[in-house]
Amino acid sequence: VTAALGPLGAPSLIPLLVLAGTTIGILLCDLWNIPWRLAAWVSLTSQVIAAVLALIVMVSGQGRVVQGLLRADGISALFTLFFCSVGTAAAFLGLGSGRDVPSQDVGSYALALLAICGALIVAQAAHMLSLAIGLAVVYVTTSALVGPSMARQHTIAQGVSVACVALGLTLLYGAAGTLDLGPLANQPTDQATNTLAALGRGLLLGGLIAPLATAISAPQDRKAPWEADLQGQYLVSLVLPGTACAALGRLQPIWTDQDLLILTIVGALSIGLGNLIAVRPVASAREILLGVTFAQSGTFCLALAAIPQTGWQVLFYVILASGMSLTSLWALVVCARRGRAYPSNLGDLIGLGRHHPWLAGATTLCLLSLGGVPPLAGGMGTLALLRAVVSAERGWALAPAIPGILMVWLLIGRWSQVMWKKLPPDLEWRPAPPEAVAVALIAAGGTVFAGIWAYASMDWIASLAAVP
Amino acid sequence: MITPVHYVLLSVILFTIGLVILVARRERYVLVVGTQLLFQAALLALAALTHWFQDWNGAVAALVVIALGAVTGGIIIAAGPGIWDGSEQDLNLTAHQPGPLGTPHGPGEDRNYL
């Protein structure tokens, strides 16, 4: 018990404790009916503090690997930065989308923080228990964030995923005799090749890939597309793939060449299929977001499969680029929702460029980034990813992936055509919420910045990921 | 002699049955049974291996798996349209009775899908 609780004293775990404490605080304050805006600002501030603390602790060399339930190192600090940035943007978007709503559910902010906490536990997991608990926390909280009509499907999918992970880790436990992920990852080759371990790895891989697919459940909601809080759906669409990447990456030493091959195939097919869904002429705004998110999850799979050759920097850079682009698109949805109505298809964004040129420019930049245009972050990430896939001798995976990436150009073409059309006289765009516009502009600025200094960014990521 | 391998095989069979139930059925409580089978399969294998290795860490992990299964089942029951307000009736317990205004409720009819 002492060994398991030991790492809780490590300074690098302070960000997790800050977020957990804030979650409990918001839940307690909800009993006294605190205003939702206060909860949003508290949530936002705590995540900024947690991200800054994670960075300070790692840069100052206070991070250390501690074998127990949790461990903290450079990789967990990078994931902390990512998850806290997503959570901050979600809280900010909540402020924007709540302008026309008299009151929002304070509990949703606590749930969002709890989802971030669960994702951090997965990123810092050093034991089967912490991995399973972290995944369960993420799944339970995201089930509540996706909206009532999708909650049950989401829970079932996530339940299957957690059960697969639990049985997979149990079978690996049978093969290696330990529940610590470190020894599990470093088990001898002869054990890794036996049937029990192979079955366990298969279940584990299937269970951990599932969140990449279920991340699309938020925009997939057909009956009531935007019934839940937009910020919650945005959070789900980025936190679930991030959590899956953290878990798959942490377990990277146990994957054999066959497992990485499966991951590559899944990734390449996801890119092609996702972009195909997004560019269909009849695709609704929800389906466009669904397809783009699915395709981005595919790029994560390709980057994960290339970690042995390229290290973590390509994966983190791709996650960063994708996160900024999707953030900008979600900010647009929030603005459009306030401007006229919830956008049900691309045609609802007619006249956006003439009435909100900054917003339209920011989202166009991010779409170009998704389309792989250098020197934007998405373009540089795509180039790094292509190089990584080729260096891993899996160049054949580019056959479905490259056409998939190029398909985004069809979307960009339709987008530009709609955006600069003149708005019909019976329609009107209201002022956009400044918070959402700010989020879109920051995301677009980050896309340009990270693209121009792509190699410097990757070097910085590599140096931080190398912190033991 | 029954060895841990037999328990693991049994757990894999239970897991497969659970997956088949989840794919084939749509009623809420049957889905709960399906997900519980998945978790119980993991629990069975974990218990057998814990006993084999004489490892208390495995026993703690088994408690966590029990809790995860309970939480998942609870959310599946609670989530979605309510069953208490009449908007959903699972398992069609009144299949042998005529419905309101003479609506037939024969076997296979009025099944509630997600």
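The figures here come from the full heavy-atom set of this structure, side chains too, leaving out hydrogens, waters and symmetry mates. Proteins get letters first, then strands, A, B, ... in listed order; numbering begins at 1 in each.
- Shown here for Y173(A) and F53(B), the closest heavy-atom pair between the two residues is O-CE1, 3.4 Å.
- Rounded to the nearest 0.5 Å, atoms CG (L205(A)) and CH2 (W255(A)) are 4.5 Å apart.
- Not a single donor-acceptor pair under 3.5 Å links the side chain of Q158(A) to the backbone N or O of T155(A).
- Heavy-atom pairs under 4.5 Å with chain B peak, among L169(A), T170(A), V140(A), at T170(A).
- Between I254(A) and R201(A) the shortest heavy-atom distance is O-CD, 3.0 Å.
- Remark: I262(A) CD1 to I209(A) CD1 distance equals 7.5 Å, nearest 0.5 Å.
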Side-chain polar contacts of residues 34-42 of chain B - donor-acceptor pairs under 3.5 angstrom, sequence neighbours left out - could you list them?
| residue | atom | partner | partner atom | Å |
| --- | --- | --- | --- | --- |
| T35(B) | OG1 | L31(B) | O | 3.2 |
| T35(B) | OG1 | V32(B) | O | 2.9 |
| Q36(B) | NE2 | G69(B) | O | 2.7 |

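- In terms of heavy-atom pairs under 4.5 angstrom with chain A, the leader among G73(B), A67(B), A61(B) is A61(B).
- Residues of residues 12-22 of chain B lying under 4.5 angstrom from chain A, judged on non-hydrogen atoms, are V12(B), F15(B), L19(B), L22(B) in numerical order.
- Ranked by heavy-atom pairs under 4.5 Å with chain A, the first of V5(B), V65(B), T50(B), L43(B) is T50(B).
- Side chain to side chain, Y139(A) and S161(A) meet the donor-acceptor criterion of an N or O pair below 3.5 Å.
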